Amino acid sequence: MIVGAPRMSSTPLPGIGVRYDLTTRENGLLSVIAHRDGDRTLSAYREEDPDECALSTRLTAGEAEALVGVLMPSHHSPNLLSTTELGLVAERVELSSTSYWNGRVLGETRMRTETGVSIVAVLRRAEAIPSPTPDFRLAGGDELIVIGTREGVESAAAILGRV
């Protein structure tokens, strides 16, 4: 490890999300709690007492995305697609524990055939499952990352909400 390089660590917070801690090259401490609902809590700690919080603010998913846009502008990555420019949206759709699809496999939903959307990942607790296959078994509390047209995403949410 390079001395003075930033160091990252993560800690699962059961029922809440995941806490990420960044120790900067100047030994400053920042933390982000990624809440299961998409919100983020950003905290900065005092250098003289790393247990004392100097700033803590909760951001909505949209506010966190705006902050990321400022910290890492997309114009630095020409290969990054902007879904809004293409008429597509990417959204999280939560599967409730009372959903008809809880415990069933993804292929049974016929999601792509019925709505035209693609399910590109499933977030389960603190784990991300990229590119789930048709035999992937869904569970209540899963958050499905779906990409498609606005109408397709709304249809997918309606299908997944079926009880």
Side-chain angles (χ1 to χ4, degrees), residues 4-99 101 111 115-132 138-161:
R7 296 177 306 278
M8 285 287 298
S9 65
S10 64
T11 306
L13 302 173
I16 297 170
V18 179
R19 176 180 167 154
Y20 298 93
D21 292 310
L22 169 69
T23 303
T24 68
R25 67 175 176 230
E26 296 174 351
N27 286 321
L29 178 61
L30 298 171
S31 74
V32 174
I33 296 176
H35 297 271
R36 290 185 55 162
D37 66 2
D39 285 1
R40 301 291 188 260
T41 299
L42 173 65
S43 301
Y45 296 87
R46 300 196 181 281
E47 282 186 45
E48 60 276 5
D49 183 358
D51 291 328
E52 186 179 347
C53 191
L55 164 84
S56 185
T57 188
R58 187 159 177 152
L59 304 170
T60 65
E63 292 165 340
E65 188 175 343
L67 182 58
V68 167
V70 171
L71 294 172
M72 296 294 294
S74 63
H75 65 269
H76 289 298
S77 179
N79 294 328
L80 192 62
L81 295 177
S82 172
T83 55
T84 55
E85 290 173 8
L86 300 171
L88 300 173
V89 295
E91 288 195 11
R92 295 177 184 217
V93 177
E94 184 168 349
L95 187 75
S96 86
S97 60
T98 59
S99 172
W101 304 108
M111 192 62 59
T115 67
V117 304
S118 293
I119 298 172
V120 297
V122 175
L123 307 178
R124 181 174 286 165
R125 292 184 280 287
E127 181 183 6
I129 298 112
S131 304
L138 298 168
D142 283 352
E143 288 187 51
L144 287 73
I145 308 299
V146 298
I147 295 181
T149 63
R150 164 64 46 214
E151 298 79 21
V153 169
E154 288 172 2
S155 294
I159 289 170
L160 293 168

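It should be emphasised that the depicted structure is a prediction, and the values quoted were computed from it without experimental measurement.
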Starting at [atom1] of [X], measure out to [atom2] of [Y] and round the result to the nearest 0.5 Å.
X	Y	atom1	atom2	answer
R36	L13	CZ	CG	12.0 Å
I16	T11	CD1	OG1	11.5 Å
Y20	I33	OH	CD1	11.5 Å
E154	E91	CD	CD	7.5 Å
I145	I119	CD1	CD1	10.0 Å
R125	D142	CZ	CG	8.0 Å

Do you know the tightest heavy-atom contact between [X] and [Y]?
X	Y	result
A157	V93	CA-CG1, 3.8 Å
I147	A90	CG1-CB, 3.7 Å
Y45	C53	CD2-CA, 3.7 Å
A61	D39	N-OD1, 3.7 Å
V122	P132	CG2-CG, 3.8 Å
T41	S56	CG2-OG, 3.6 Å

Run through L123, L95, I129 and flag the one making a side chain to side chain contact (heavy atoms under 4.5 Å, CB included) with L144. L95
From the list D21, V32, V18, side chain to side chain contact (heavy atoms under 4.5 Å, CB included) partner of S10 resolves to V18
If you count heavy atoms of other groups shown closer than 6.0 angstrom to CZ of R124, is the number above 12? yes
Hey, does E47 have a side-chain heavy atom less than 4.5 Å from the side chain of N27? no
So, R40 and E65, do they make that salt bridge, N to O below 4.0 Å? no
Under 3.5 Å donor-acceptor, S99 side chain and W101 backbone: yes
